[in-house]
Amino acid sequence: MDIVTLLQEAAARAIRDKFDREVEAAKLQIMQTRSDFEGDFTLVTFPLAGALRMPPQRLAEEIGNQLQAEEAVVEKFNVVKGFLNLSLSANFWKEFLMNFSPQGQKAGAEENSGRKLVIEYCSPNTNKPLHLGHLRNMLLGAACANLHEAAGKKVYRVQVINDRGIAICKSMLAWQLFAQGATPESAAVKGDHFVGQWYVEFEKHFRGEYEAWQKSEEAQRLFAERRKKEQGQQEFFKTFKNEYFNKYSQLGRQARDMLIKWEEGDPEVRALWAKMNAWVYEGFEQTFEKLGITFDKNYYESETYRLGREMVEKGLEHNLFYKASDGSVQADLEDVGLGKKVLLRSDGTTLYITQDLGTAHLRYEDFGMDEMTYVVADEQNRHFKVLFELLKRLGEPYADKLYHLSYGMVELPEGKMKSREGTVVDADNLIEEVISEARKNAAERGETADISPEEREDINWKVGLAALKFYLLKVSPAKWMMFDPRESVDLQGQTGPYVQYAYVRIRGLQRRAEAEGLLKSDFSFDAYQKLEAVERQLLLGLYKYPQLVLQAAREYDPSLLANHLYFLAKAFNKMWHELPVFSAEDPAARAFRLQLSSRLGQSLYEGMKLLGIAMPDKM
RNA sequence: GGUCCCGUAGCUCAGCUGGAUAGAGCAGCUGCCUUCUAAGCAGCCGGUCGCAGGUUCGAAUCCUGCCGGGAUCACCA
């Protein structure tokens, strides 16, 4: 039985015996004792004082006496105001330690077993490389996927790739016009960056064209006719840019022609499109691999953008939707405060929302999931509210188990990332940067004697990526976060490498124990009776670990786990400095501390793995 | 304007299903490597928990109203 439940029931019995009153055990408030007081768990007696007509302090003392006398696990207690602080016996903790497993959450997650979850956590465009925002998205999604798996679900990881549209046509056109047949190989540039360069090239030429046009008579006439009062030329042409692209621009016309040809299935355009997208995927794959990100299935917009029409038409038949006078099909969501939403254009073509309806259904056909989660930035909150409502009205079987993990944007010290202003932090560059920071640090420390260069490089990758991933995952998903480039490569303090370091120390202890022939079956700590404060702190931290994994999964919040792992590592580092292991005079103490370290090491390893972070053995 | 999110130390963040004196890291200042890895440990400095009410034995946490910042309200994706 869980120790908290056990204490609650024991306290309820004590109250019955002493005061002849029945209280519901589950309602008794037991929390972890604050670390600045002595004790492991605390019963809060204030809420009982009224019903039992007794001052909280006396109540706490009476219950404490009874518990100490009747319950073997309660070793001693102290009372501060109405707080009854209970210290559990060393025997209890030793037994707990022997039975502890970092997989313990599985026992608490029977209700999840067999449930199928589809989780979507990346939706890149194919006209430019991945950036910092994608990183937060992918790391959050991958961690949540792992957490739900650990909590007993069958998880399917998917991404949706926005591989069509005007943006990729811009890259294609620029490549056609200016690249003279260059390829990623010939230019020695990673495929996604290569295609991104042609997108930038298009924008550059387009800007030049636009600026030249602004001096033309036509442009000046339009400016004179259409300007709003007080509006200067610069300001006017900034807002006019879109219209220029669609109506006047040569490059704009060519790009749009290309899009039309693509839609018509023009073989030449399709071939170019396929070739350039293949370059991009090659590049994406490399980035995913560096990050350890995987997907079970990719959904391509080019294959799904027409889906959903049938669903909408079916909904129309059942009067869930209606046809507007202009011929478009709409849903009336006024009753749930979401207004009206167009589902099919008046020309009958599909929209973003239609496509998402279709993709959701397609995934049901693919996986037959019970639940589906989208990891998408919070700017799309409304879109997903609408989408979920529509799926519910359409009676999709998983519709009551849809979740939008809405995460906040990543901001830079200079403000929001803007691709037009070149303030985007590129994912590959960032990865390269954290790894070279790890290399630099390792070189400065100079402890490379018994480590081969290959092993050293492997460690540098693990350390660098841990810094980056932990940095992005330790913040609550819902919050907008500030990305400080200096802090993200930091290897000291509240960081991934800090947690790794504690683990490496534990591995060192284990290697030595092995070398000295300890950890054998006759190796016992029965005689260890007095637990130190740090040891208790660590035991309590382990006690909470499986619950935290479940909570982090349930709340889709990996930061809960990240922060707990940091707490565990911190407690271990404290113990490292305060208590000797091998030079402990008491062999039982040595045995106990080795066991405790070992279980802690497993937890750190497993916990970081759930976050997508690998642990080195040495560093 | 409607809806939603955020406001905690100089900076970045925990804590929010109500509990004890509000915690970390970074930055600044002090100490600690002849003992299991100093990517570490210990200490100092630093807070009207945006403001004002309310509920409660008890509020950073719950409720209401303000103030400040942001997102979103397309037949774009």
- Message: Side chain of Phe83(A) only, heavy atoms from C-beta on: which candidate in A39(B), C41(B), G19(B) is closest?
- Response: G19(B)
- Message: Heavy atoms from C-beta onward define the side chain here; which of A39(B), G19(B), C41(B) lies closest to that of Arg456(A)?
- Response: A39(B)
- Item | Sugar-phosphate only, base, or nothing, as touched by Asn85(A) at under 4.0 Å among non-hydrogen atoms | base
- Query: In terms of the nearest nucleotide of RNA chain B, which residue is placed more toward the 5' end: Asn573(A) or Phe46(A)?
  - Reply: Phe46(A)
- Considering only the P atoms, how many Å lie between G46(B) and G7(B), rounded to the nearest integer? 25 Å
- Quick note, Val463(A) side chain, CB onward, closest among C41(B), A77(B), A39(B) is A39(B)
- Task: Please find out if less than 6.0 Å separates the ring center of Tyr374(A) from that of Phe384(A).
- Result: yes
- Message: Can you work out whether Thr33(A) or Tyr352(A) has the more 5'-proximal nearest nucleotide on RNA chain B?
- Response: Thr33(A)
- Message: What's Leu579(A) touching, base or sugar-phosphate or nothing? Going by heavy atoms closer than 4.0 Å.
- Response: base
- Message: Classify Tyr498(A) by what it touches in the nucleic acid, base, sugar-phosphate, or nothing, heavy-atom distance under 4.0 Å.
- Response: sugar-phosphate
- Task: Tell me whether the guanidinium CZ or amine NZ of Arg512(A) lies under 6.0 angstrom from the six-membered ring centre of Phe582(A) and within 45° of its axis.
- Result: yes
- Val475(A) near the nucleic acid: base, sugar-phosphate alone, or nothing, with a heavy-atom cut-off under 4.0 Å? sugar-phosphate
- Query: With the threshold set at 4.0 Å, does a side-chain nitrogen-carboxylate oxygen contact exist between Lys385(A) and Glu389(A)?
  - Reply: no
- Euclidean distance, atom CZ of residue Phe384(A) to atom P of U3(B) [Å, nearest integer]: 23 Å
- Query: Can you tell if the side chain of Val329(A) reaches within under 4.5 Å of the side chain of Tyr322(A), non-hydrogen atoms only?
  - Reply: no
- Using 4.0 Å as the upper bound for N to carboxylate O, is an ion pair formed by Glu585(A) and Arg590(A)? no
- Query: How would you label the contact of Gln500(A) with the nucleic acid (heavy atoms, under 4.0 Å): base, sugar-phosphate, or nothing?
  - Reply: nothing
- Message: Counting the atoms with a prime plus P, OP1 and OP2 as sugar-phosphate, which does Ser346(A) contact under 4.0 Å by heavy atoms, base, sugar-phosphate, or nothing?
- Response: base
- Message: Over all strands shown, is Asp484(A) touching base, sugar-phosphate only, or nothing at heavy-atom distances under 4.0 angstrom?
- Response: nothing
- Check for a donor-acceptor pair, side chain of Arg363(A) on one end and backbone N or O of Val158(A) on the other, with a separation under 3.5 Å. no
- Between Asp458(A) and Lys462(A), does at least one N-O distance fall below 4.0 Å, as a salt bridge requires? yes
- Item | Sugar-phosphate, base or nothing in reach of Met481(A), heavy atoms under 4.0 Å | sugar-phosphate
- Message: Under 4.0 Å, heavy atoms only, any strand: does Pro56(A) hit a base, just the sugar-phosphate, or nothing?
- Response: nothing
- How far does the C1' atom of U17(B) sit from the matching atom of G69(B), given to the nearest Å? 28 Å
- Could you work out the separation of C49(B) and U21(B) based on their C1' atoms and round it to a whole Å? 15 Å
- Check every atom of U12(B), G70(B), A42(B) against the side chain of Trp480(A) and return the nucleotide holding the closest atom. G70(B)
- Task: Just call it for Leu351(A): base, sugar-phosphate, or nothing, with non-hydrogen atoms closer than 4.0 Å on any strand.
- Result: sugar-phosphate
- Item | Salt bridge Arg511(A)-Glu514(A), side-chain N to carboxylate O under 4.0 Å | no
- C66(B) - base-pair partner by Watson-Crick or wobble geometry, distances under 3.5 Å: G50(B)
- Select one nucleotide: of A20(B), A24(B), A39(B), the one nearest the side-chain heavy atoms of Lys81(A). A20(B)
- Complementary nucleotide for G1(B) - Watson-Crick or wobble, under 3.5 Å: C73(B)
- Message: Tell me whether the rings of Phe525(A) and Phe592(A) are parallel (<30°), tilted (30 to 60°) or perpendicular (>60°).
- Response: perpendicular
- Note on the structure: From the candidates A77(B), G40(B), C36(B), the one with an atom nearest any side-chain atom of Phe582(A) is C36(B)
- Message: Tell me whether the rings of Phe483(A) and Tyr471(A) are parallel (<30°), tilted (30 to 60°) or perpendicular (>60°).
- Response: perpendicular
- Query: So what does Lys618(A) hit on the nucleic acid, given a heavy-atom distance under 4.0 Å: a base, only sugar-phosphate, or nothing?
  - Reply: base
- Note on the structure: Among the nucleotides G23(B), A71(B), A38(B), whichever has the atom closest to the side chain of Trp576(A) is A38(B)
- Side-chain N,O (Lys479(A)) to OP1/OP2 (G70(B)) below 4.0 Å: no
- Paired with C13(B): which nucleotide, if any, by Watson-Crick or G-U wobble criteria at under 3.5 Å for both distances? G23(B)
- What is the nucleic acid contact for Thr42(A), judged by heavy atoms within less than 4.0 Å: base, sugar-phosphate only, or nothing? base
- Query: If you check every side-chain atom of Met482(A), which of C13(B), G19(B), A39(B) has the closest atom?
  - Reply: C13(B)
- Note on the structure: Base orientation of C33(B), chi within 90° of 0 counted as syn, else anti, reads syn
- Item | Contact list for RNA chain B against residues 303-311 of chain A - heavy-atom distance below 4.0 Å | none
- Name the nucleic acid region contacted by Phe37(A), choosing base, sugar-phosphate or nothing; use a 4.0 angstrom heavy-atom cut-off, strictly under. base
- Query: Which of these nucleotides, C26(B), A38(B), C41(B), is closest to any side-chain atom of Gln492(A)?
  - Reply: C26(B)
- Task: Please determine, for A38(B), whether a Watson-Crick or G-U wobble partner exists with both distances under 3.5 Å, and give it or none.
- Result: none
- Query: Any idea which of C36(B), G2(B), A39(B) is nearest the Arg382(A) side chain?
  - Reply: G2(B)
- Query: So what does Arg505(A) touch, heavy atoms closer than 4.0 Å: a base, only the sugar-phosphate, or nothing?
  - Reply: sugar-phosphate
